Peer 1: 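Dropping a structure here in structure tokens format, bear with me for questions.
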Amino acid sequence: IKETHDLFIASRDNLLEVSAGIRPYVLMNEVVNFSSNELFDRLLEEYRKTADGGYKVDIRYALTKTPDIKLAEKIVSCLEDADTIKPQDLRGWFQGVLSNDKGQESAWNWIRNEWGWLEETVGGDMEFPTYITVISRVFKTRKRLEEFKRFFEPKLDNPGLVREIKMDTEVIQSRIDLIETQKDSLNAAIEKENR
């Protein structure tokens, strides 16, 4: 953590000079372990300004790992700002925040509240249904499954979404079943190893 932080400090005036192979991890280390509003704002501004697609992906990767609920909510507040996040990059940002325990609730609320906007903005895109798949890759609790079903089952009359909704409901259910059937033996094995 310290060495990566030192690397960030040494390159803070030109983060593009950090080797592309390690840059996402250097940025993520900084966001996760040395978080501040200033750092967050600076990286978000660099994301807006850079034309380097790889650097954009690195910044997105790092910022969506924030351990700060307020900063995760700040990302969600930018999801409809095309000057910050282009529609073609939206799914990656949404997935990153949804995958972060600190941002999951905010991202999930956003997609449910803004589904109409999302459908209008990217609904004609062949990848639109993959937003449903993104959600199914993250959810792993019975509570989230019930919320997923409550939100998406009324959309089963949309021919473009039926397949994703049905398949992804099964994906979440299968993950929950696996967790429930395996958790006792897994916990016992971990306890045995820790003795």
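In what follows, every heavy atom counts, from backbone to side chain, and hydrogens, waters and symmetry copies are set aside. Nothing fancy with the numbering, it's 1 onward along the sequence. All values reported here derive from a predicted model rather than from experimental measurement.
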Peer 1: Side chains of I165 and L156, heavy atoms from C-beta outward: is any pair under 4.5 Å?
Peer 2: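 Heavy-atom side-chain distance check passes, below 4.5 Å.
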Peer 1: Which distance, rounded to the nearest 0.5 Å, do you find between the CG of L118 and the CD of E80?
Peer 2: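 L118 atom CG to E80 atom CD measures 8.5 Å (nearest 0.5 Å).
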Peer 1: Please check this pair: side chain of T130 against backbone of E127, looking for a donor-acceptor N/O pair closer than 3.5 Å.
Peer 2: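 Between the backbone of E127 and the side chain of T130 there is a qualifying donor-acceptor contact (under 3.5 Å).
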Peer 1: Can you list, by chain and residue number, the hydrophobic cluster partners of F34 when the side-chain cut-off is 4.5 Å?
Peer 2: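 Answer for F34: I1.
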Peer 1: Using modelled atom types and a 3.5 Å cut-off, is there a donor and acceptor pairing between side-chain atoms of T181 and backbone atoms of L178?
Peer 2: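 Answer holds: yes.
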Peer 1: Does E3 have more than 12 heavy atoms from other residues, nucleotides or ligands lying within 6.0 Å of its CD?
Peer 2: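 Count not over threshold, so no.
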Peer 1: Between S185 (side chain) and Q182 (backbone), is there a donor-acceptor pair under 3.5 Å?
Peer 2: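 Present.
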Peer 1: So do L145 and F139 actually touch side chain to side chain, heavy atoms under 4.5 Å?
Peer 2: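 A side-chain contact is absent here, since even the closest heavy-atom pair is not under 4.5 Å.
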Peer 1: Answer with yes or no whether the hydrophobic clustering places L79 together with V122; edges join I, L, V, M, F, W, Y residues whose side-chain heavy atoms lie under 4.5 Å apart.
Peer 2: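 In one cluster with L79: V122, yes.
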Peer 1: Would you check if the side chain of N194 reaches a backbone N or O of I190 as a donor-acceptor pair within less than 3.5 Å?
Peer 2: yes
Peer 1: Are I132 and F151 connected, step by step, through hydrophobic side chains (Ile, Leu, Val, Met, Phe, Trp, Tyr) whose heavy atoms are closer than 4.5 Å?
Peer 2: yes
Peer 1: Under 3.5 Å, side chain of Q104 to main-chain N/O of L98, donor-acceptor pair present?
Peer 2: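 Between the backbone of L98 and the side chain of Q104 there is a qualifying donor-acceptor contact (under 3.5 Å).
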Peer 1: Would you compute the distance between atom CD of E30 and atom CG of L7 and round it to the nearest 0.5 angstrom?
Peer 2: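 Here the interatomic distance stands at 9.5 Å.
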Peer 1: Just wondering, more than 12 heavy atoms not from K102 lying within 6.0 Å of its NZ?
Peer 2: no
Peer 1: Between NZ of K155 and CG of L161, what distance do you get to the nearest 0.5 Å?
Peer 2: 8.5 Å
Peer 1: Take the angle between the ring planes of Y47 and W93 and call it parallel below 30°, perpendicular above 60°, tilted in between.
Peer 2: perpendicular
Peer 1: Count the heavy atoms of every other residue, nucleotide or ligand shown that sit under 6.0 Å from CD of Q88, and state whether that count exceeds 12.
Peer 2: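 More than 12 heavy atoms, drawn from other residues, nucleotides or ligands, come within 6.0 Å of this atom.
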Peer 1: Just do the side chain to side chain contact (heavy atoms under 4.5 Å, CB included) check on R142 and Q173 with the steps written out, would you?
Peer 2: CA-CA 8 Å; R142 197 157 297 286; Q173 182 65 61; 3.7 Å; yes
Peer 1: Looking only at heavy atoms, what is the nearest atom pair of A72 and T66, with distance?
Peer 2: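 Looks like N-CG2, 3.6 Å.
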Peer 1: Any side-chain to backbone donor/acceptor pair from N29 onto Y25? Under 3.5 Å, distance only.
Peer 2: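 Checking the backbone N and O of Y25 against the side chain of N29, no donor-acceptor pair under 3.5 Å is found.
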Peer 1: Please find the pair of heavy atoms, one from A62 and one from P24, that lie closest to each other, and give the distance.
Peer 2: CB-O, 4.4 Å
Peer 1: Using every non-hydrogen atom in the two residues, find where A82 and K86 come nearest and quote the distance to one decimal.
Peer 2: O-NZ, 3.1 Å
Peer 1: Could you pull out the closest heavy-atom pair between P129 and G160, with the gap in Å?
Peer 2: CG-O, 3.4 Å
Peer 1: Contact between F152 and T169 at the side-chain level, heavy atoms closer than 4.5 Å - yes or no?
Peer 2: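 The answer is no, as the side chains (C-beta and beyond) never meet within the 4.5 Å cut-off.
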Peer 1: Specify the closest pair of heavy atoms between L39 and S35, including all atoms of both residues, with the distance to one decimal.
Peer 2: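 Smallest interatomic distance, heavy atoms only, reads CD2-CA, 4.5 Å.
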Peer 1: Counting the benzene-type ring for Trp, do W115 and Y131 have ring centres under 6.0 Å apart?
Peer 2: no
Peer 1: Would you mind listing every salt bridge (Lys or Arg N to Asp or Glu O under 4.0 Å) that reaches into residues 162-177, with sequence neighbours excluded?
Peer 2: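 Residue pairs with at least one partner in residues 162-177: there are none.
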Peer 1: How many angstroms lie between CZ in R23 and OH in Y55, if you round to the nearest 0.5 Å?
Peer 2: 7.0 Å
Peer 1: Identify the heavy atoms of S136 and V171 that sit nearest to each other, and give their distance.
Peer 2: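 Looks like O-CG1, 3.9 Å.
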Peer 1: Hey, are E105 and R144 close enough for a salt bridge, meaning a charged N less than 4.0 Å from a carboxylate O?
Peer 2: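 A salt bridge is present here (some side-chain N lies under 4.0 Å from a carboxylate O).
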Peer 1: So do the side chains of I135 and F94 get within less than 4.5 Å of each other, counting heavy atoms only?
Peer 2: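 They are in contact (side-chain heavy atoms under 4.5 Å apart), so the answer is yes.
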Peer 1: Is there a path of hydrophobic side-chain contacts, each under 4.5 Å between heavy atoms of I, L, V, M, F, W or Y residues, that connects I9 with I22?
Peer 2: yes
Peer 1: When rounded to the nearest 0.5 angstrom, what distance separates CD1 in I111 from CG in L90?
Peer 2: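 I111 CD1 to L90 CG: 8.0 Å, rounded to 0.5 Å.
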Peer 1: If you group Ile, Leu, Val, Met, Phe, Trp and Tyr by side-chain heavy-atom gaps below 4.5 Å, do V26 and M28 land in one group?
Peer 2: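 In one cluster with V26: M28, no.
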Peer 1: Would a 4.5 Å heavy-atom cut-off, applied to side chains only, mark I75 and L71 as touching?
Peer 2: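 Side chain of I75 against side chain of L71, heavy atoms only: no contact under 4.5 Å found.
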Peer 1: To the nearest 0.5 Å, what is the distance between NZ on K74 and CG on D68?
Peer 2: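 Here the rounded value is 10.0 Å.
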Peer 1: Would one find more than 12 heavy atoms of other residues, nucleotides or ligands at under 6.0 Å from atom NZ of K70?
Peer 2: no
Peer 1: So that I can tick it off, tell me whether R150 and E146 are bridged by a salt bridge, with the cut-off set at under 4.0 angstrom between side-chain N and carboxylate O.
Peer 2: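 Between R150 and E146 there is no salt bridge, as every charged N stays at least 4.0 Å from the carboxylate O atoms.
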Peer 1: Look at the side-chain heavy atoms of Ile, Leu, Val, Met, Phe, Trp and Tyr, link any pair under 4.5 Å apart, and say whether V57 and V18 land in one connected group.
Peer 2: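 In one cluster with V57: V18, no.
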Peer 1: Looking at R48, K49, R42, which one forms a side chain to side chain contact (heavy atoms under 4.5 Å, CB included) with E46?
Peer 2: R42
